Amino acid sequence: MKRVAELGLFALPAVVGLLTAPLLARGLGPEDRGYYAIALAVFSMAATFGAFGQPEAHAADLRAVATVSRRTRTRLIVFASVCAAVISFNILSFAMGVPLGAALVTALFAPIVSLGFFWKVDLIAMGNVLGPAVENSLAAIFRLAAIAILFLLGALSLNSALAGTQIAAAGGALILLVMYMVTKRRALSSPVSSADRAVVDFKRAIIQALPTIGFATSTAITLRLDVIVLGILANPEQAGYYAAVVGFSESALALSAAFKNRMQAACYRPDAFRRVRREMFVMLAIALPGMAVGELVAPWLVTSLLGPEFEPAVAIFRVMILAAIFQLLLDCGQGLLVVLGLRRHLLVVSVAGALVTLVSLTLLVPSAGGVGAAWASVIGYGTVGAASLAIAYKALRPVVQ
């Protein structure tokens with residue numbers, strides 16, 4: 001029953017995302033929907049860079065005896081995330097043309113969200129995989145509630161939509177902190193205890209994280225550059241069409257969120273390879289039939305939920321359904337490399353994926369717009385996902401032989 005509840009909690013944001021997407025599309029229209037997506041894409045990069053590679057380095061550190069204290073890592077995250085917030089505000093307002101108010105409310109919450117990544121690692125290391133599932137669901141519900149209330153009141157605008165979304169994300173991060181504190185208080189001993197006793201060593205923390213910082217930056221490019229390139233090489237309207245249907249296809253990430261956490265937790269077990277392979281099989285057994293159904297209902301789903309003005313997004317959605325499968329593999333593969341401590345492999349694979357994505361976007365977007373961006377996502381996700389899983393499986397297999 002616990003496993004069913006966990007999967008249900010991770011599936012809930014997918015359903016919530018399907019409900020939120022039409023409200024944003026009908027309330028904002030294609031152009032403002034595009035600016036909304038551009039703002040969140042830049043914010044995602046800022047929050048990722050703001051974490052400064054510390055959650056991933058911390059996760060690998062906890063597989064043995066921690067060498068760097070939690071306090072050291074959290075201080076680095078606070079400093080880096082504040083810098084990232086300032087930079088993202090300037091990029092959005094001056095480079096991407098996002099209104100000042102929208103840029104400000106987007107950047108403001110970067111430090112809290114960056115710290116949330118760190119608290120999630122501690123929960124998973126203590127074996128609490130249900131906690132992140134609860135947070136994932138509650139943050140999505142908070143976001144839907146905010147968007148729905150604004151829509152019903154006729155107050156849904158670019159600024160208010162971004163404010164509601166960011167407050168929900170920050171609330172989710174604070175939920176992770178509370179759950180970490182409760183779990184730690186109840187546990188007699190846990191892997192995170194060694195991090196409390198470890199030394200304060202900023203130099204070691206930075207050196208450990210350098211490959212991960214490169215990885216995180218490259219992954220952010222692979223996952224988020226599509227919307228930004230559309231805004232630059234096409235127009236905000238094309239970005240709006242693309243972002244509206246990406247919200248549907250990315251609902252599949254609820255699956256990888258559930259199974260990635262379990263795969264990462266399995267890496268701390270002696271029979272890791274068998275457990276990881278089983279989780280991967282179950283995930284794909286659920287995802288592939290879902291992809292087939294999505295292709296069949298794509299035209300009806302887009303025009304019925306988003307409105308007739310989003311009909312050009314149908315072709316984009318069909319391609320993004322395929323991209324979603326590769327994104328599942330990417331998310332799980334990289335999650336495994338993080339916990340296994342394979343930082344060099346992680347960096348090489350991520351940089352290669354970022355370069356492939358950047359080249360694909362540059363070649364395809366000017367001529368094909370949103371459809372070109374969707375095919376660039378397929379190519380980029382497929383490259384990183386296949387390489388990451390191959391390396392992770394090779395590293396895990398000797399453990400059981």
Side-chain angles (χ1 to χ4, degrees), residues 5-6 9-10 12-13 16 43-44 46-62 66 68-85 105-146 163-198 200 205 209 212 216 254 257-258 260-262 264-265 268 335 338-339:
E6 179 190 336
L9 286 169
F10 274 110
L12 184 59
V16 172
F43 170 79
S44 177
T48 300
F49 182 79
F52 207 61
Q54 296 307 307
E56 294 82 1
H58 186 53
D61 215 15
L62 291 177
V68 178
S69 70
R70 295 184 77 259
R71 181 175 297 181
T72 302
R73 296 194 189 279
T74 53
R75 287 177 178 176
L76 282 172
I77 292 174
V78 170
F79 175 77
S81 59
V82 170
C83 293
V105 76
T106 301
L108 190 61
F109 295 94
I112 299 176
V113 174
S114 295
L115 285 166
F117 299 150
F118 188 80
W119 299 324
K120 181 182 291 187
V121 166
D122 278 334
L123 277 175
I124 293 172
M126 289 188 290
N128 186 347
V129 293
L130 192 60
V134 172
E135 178 273 332
N136 205 39
S137 295
L138 288 178
I141 291 171
F142 293 160
R143 176 175 175 245
L144 172 61
T165 299
Q166 298 300 77
I167 291 171
L174 293 175
I175 289 171
L176 287 171
L177 174 60
V178 172
M179 287 190 291
Y180 159 72
M181 295 172 66
V182 172
T183 303
K184 185 180 178 183
R185 187 179 296 116
R186 292 177 177 175
L188 296 177
S189 63
S190 69
V192 302
S193 300
S194 62
D196 293 328
R197 299 188 296 268
V200 175
T212 308
K260 179 179 73 172
N261 287 348
R262 297 190 67 86
Q264 288 179 319
Y268 296 95
V338 166
V339 173

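Below, all heavy atoms of this structure are taken into account, side chains as well, without hydrogens, waters or symmetry copies. Note that the structure is a prediction, hence the values are computed from the model and not measured.
- Looking at heavy atoms from C-beta onward, Phe142 lies in side-chain contact with Ile175 at the 4.5 angstrom threshold.
- Side-chain atoms of Gln166 and Leu108, non-hydrogen and from C-beta on, never get closer than 4.5 Å to each other.
- Residues passing the side-chain hydrogen bond (donor to acceptor under 3.5 Å, both in side chains) test with Lys120: none are found, sequence neighbours excluded.
- Residue Ala84 comes nearest to Phe49 through the heavy atom pair CB-CD2, 4.2 Å, listed as atom of the first residue, atom of the second, then distance.
- Considering all non-hydrogen atoms of both residues, Ala85 and Ala110 come closest at CB-CB, 4.0 Å.
- Side-chain contact between Val78 and Pro111: absent, with no pair of heavy atoms (C-beta onward) separated by less than 4.5 Å.
- When all heavy atoms are compared, the tightest approach of Phe118 to Pro55 is N-CG, 3.8 Å.
- Gln264 approaches Gly335 most closely through the heavy-atom pair NE2-O, 3.1 Å.
- At distances below 3.5 Å, at least one donor-acceptor pair connects side-chain atoms of Ser114 with backbone N or O atoms of Ala47.
- The heavy-atom pair separating Leu115 from Thr74 by the smallest distance is CD2-O, 4.2 Å.
- Looking only at side-chain heavy atoms (C-beta outward), Phe117 and Val113 come within less than 4.5 Å of each other.
- Ala139 meets the side-chain contact (heavy atoms from CB on, under 4.5 Å) test with Glu135; sequence neighbours excluded.
- Counting all heavy atoms, side chain and backbone alike, Phe109 lies closest to Phe43 at C-CE1, 3.9 Å.
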(message) Using side-chain contact (heavy atoms from CB on, under 4.5 Å), reason through Met181 and Val178 one step at a time and then give a plain yes or no.
(response) CA-CA 5 Å; Met181 295 172 66; Val178 172; 5.7 Å; no

